[in-house]
Amino acid sequence: MKKYRVKNRLAQYVKDEKYRMVLEGGGKRVLLVEVEEKVANSVGLTLGSFKNLKKNITSPSIITALRVADYFNVHVEDIFYIEEYEEDC
């Protein structure tokens, strides 16, 4: 039986955001958790919820997916996508 799940490319977007923050800070070191906290707060999630989303442990609500895409100024489907898989009966 075919099933579907939502997957994401958040890890890459967070990595790119960290790089952008380092450049804007004149090369000042930025911790990954600082970037995650900034994004999480901006989209209305706790840090733990954002990390679970990033690790594909949870799927976003439509509102959260839209907020995350808006934060990164991209289309939702640039970050989130549907993966089809077979489930054994």
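One is the number of the first residue; the rest follow in order along the sequence. Note that the structure is predicted; figures quoted are calculated from it, not measured.
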Verdict with reasoning, Phe72 to Asp16, per side-chain contact (heavy atoms from CB on, under 4.5 Å):
CA-CA 10 Å; Phe72 290 110; Asp16 292 346; over 6 Å; no

Would one find more than 12 heavy atoms of other residues, nucleotides or ligands at under 6.0 Å from atom NZ of Lys7?
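More than 12 within 6.0 Å, yes.
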
Taking ILVMFWY side chains as joined if any heavy atoms are under 4.5 angstrom apart, and letting links pass through other members, which residues group with [X]?
| X | value |
| --- | --- |
| Leu23 | Tyr19 |
| Tyr4 | Ile82 |
| Tyr81 | none |

Please list, chain by chain and in numerical order, all residues satisfying ring-ring contact (aromatic ring centres under 6.0 Å, His included) with Phe80, sequence neighbours excluded.
none

For residues 46-53, please give each side-chain donor-acceptor pair under 3.5 Å, one per line with the distance, not counting sequence neighbours.
| from | atom 1 | to | atom 2 | distance (Å) |
| --- | --- | --- | --- | --- |
| Thr46 | OG1 | Ser49 | N | 3.1 |
| Thr46 | OG1 | Ser49 | OG | 3.0 |

So which pairs with a foot in residues 76-86 pass salt bridge (charged side-chain N to carboxylate O under 4.0 Å, His left out), sequence neighbours left out?
Lys2-Glu84, Arg5-Glu83

Below 3.5 Å, can you tabulate the donor-acceptor pairs from side chains in residues 61-70 to any protein atom, sequence neighbours excluded?
| from | atom 1 | to | atom 2 | distance (Å) |
| --- | --- | --- | --- | --- |
| Ser61 | OG | Thr64 | N | 3.0 |
| Ser61 | OG | Thr64 | OG1 | 3.1 |

Could you pull out every donor-acceptor pair under 3.5 Å between side chains of residues 28-41 and any protein atom, sequence neighbours left out?
| from | atom 1 | to | atom 2 | distance (Å) |
| --- | --- | --- | --- | --- |
| Glu34 | OE1 | Leu31 | N | 2.7 |
| Glu36 | OE2 | Lys54 | NZ | 2.5 |
| Asn41 | ND2 | Glu37 | O | 3.2 |

